[in-house]
Amino acid sequence: MSDDSGAPEETVWEGRFIAAKRRGKWEYVSRTRGVSAAVILAVDDGHVLLVEQFRAPLQSQCLELPAGLIGDEEEGEEAEAAAVRELEEETGYRAERMVDLGRFHASPGMSSEGFTLLRADALTRTGEGGGVAGENILVHRVELGGVPDFVRRKRDEGCAIDVKLLLLLGPGLVQLPGDPLE
């Protein structure tokens with residue numbers, strides 16, 4: 001199968017936030033205006049900050065790490081600045097420092113979108129969070145050891161679970177050869 005890497009990119013449709021594109025046989029979506037995302041791993045005194053919000057494509061609440069767009073309000077915005085702003089808006093916590101953990105892609109077979117994962121350090125509670133007007137974000141402060149059970153309960157309630165939570169669940173999901181089954 002051809003990788004279509006030399007084929008020209010064609011925009012099939014473009015909206016305000018996303019564009020449907022084609023390159024050879026591949027169809028995919030991308031963000032418009034060069035906007036990217038910052039995803040934040042925020043741990044405070046042994047508890048991780050998670051957010052829950054309605055996601056229209058899923059028609060469901062979704063449990064996620066705090067996140068937001070880079071450069072959607074200010075062109076040239078740095079990932080760290082966007083992460084500080086989004087963390088405080090969504091969770092009510094402010095980070096003294098953001099540490100860049102690298103760039104990742106969640107669904108590279110259908111989207112060119114990538115995100116920068118940042119770790120929030122030295123957190124201070126500044127408010128209730130909940131996002132900006134109309135977002136209605138629920139904030140969850142979950143003990144790290146209790147994340148698997150919390151995720152299971154939220155899933156049982158019908159809440160969708162964002163793939164990025166594998167960051168917190170990964171070791172418990174891997175069955176190594178010779179490990180006894182639970």
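All values reported here derive from a predicted model rather than from experimental measurement.
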Exercise. Spell out, yes or no, whether Val39 and Val43 are grouped together once hydrophobic residues are joined by side-chain heavy atoms under 4.5 Å, including indirect joins.
Key: yes
Quiz item: Which pairs pass side chain to side chain donor-acceptor pair (under 3.5 Å) with one or both residues in residues 155-167, sequence neighbours excluded?
Solution: Lys154-Glu157, Asp162-Lys164
Quiz prompt | Side-chain (Gln59) to main-chain (Ala56) donor-acceptor, under 3.5 angstrom | solution = yes
Quiz item: Is the closest side-chain donor-acceptor distance between Glu14 and Thr32 under 3.5 Å?
Solution: no
Quiz item: Nearest 0.5 Å, what's the CD1-CG distance between Ile161 and Leu63?
Solution: 4.5 Å
Quiz item: So do the side chains of Trp26 and Glu9 get within less than 4.5 Å of each other, counting heavy atoms only?
Solution: no
Self-check item: Glu77 atom CD, over 12 foreign heavy atoms within 6.0 Å
Solution: yes
Quiz prompt | Gap between atom CE of Met110 and atom CD of Glu27 - 0.5 Å precision | solution = 11.0 Å
Exercise. Decide yes or no on side-chain hydrogen bond (donor to acceptor under 3.5 Å, both in side chains) for Thr11 and Arg22, but give the supporting numbers first.
Key: CA-CA 6 Å; Thr11 299; Arg22 183 180 299 126; over 6 Å; no
Self-check item: Test item: Arg23 side-chain N/O and Ala7 main-chain N/O as donor-acceptor pair under 3.5 Å
Solution: yes
Practice problem: Report the residue from Asp121, Leu87, Thr116 that forms a side-chain contact (heavy atoms from CB on, under 4.5 Å) with Met98. | Solution: Leu87
Quiz item: Roughly how far, to the nearest 0.5 Å, is the NE2 atom of His105 from the CZ atom of Phe115?
Solution: 9.0 Å
Quiz item: Atom NE2 in His140, atom OG1 in Thr91: separation rounded to 0.5 Å?
Solution: 12.5 Å
Practice problem: May I ask you to decide if Gly127's main-chain N or O and Arg125's side chain share a donor-acceptor pair within less than 3.5 Å? | Solution: yes
Exercise. Mind checking the CG-CD spacing from Leu65 to Glu90? Nearest 0.5 Å is all I need.
Key: 10.0 Å
Quiz item: Does some side-chain heavy atom of Leu165 sit less than 4.5 Å from a side-chain heavy atom of Glu64?
Solution: no
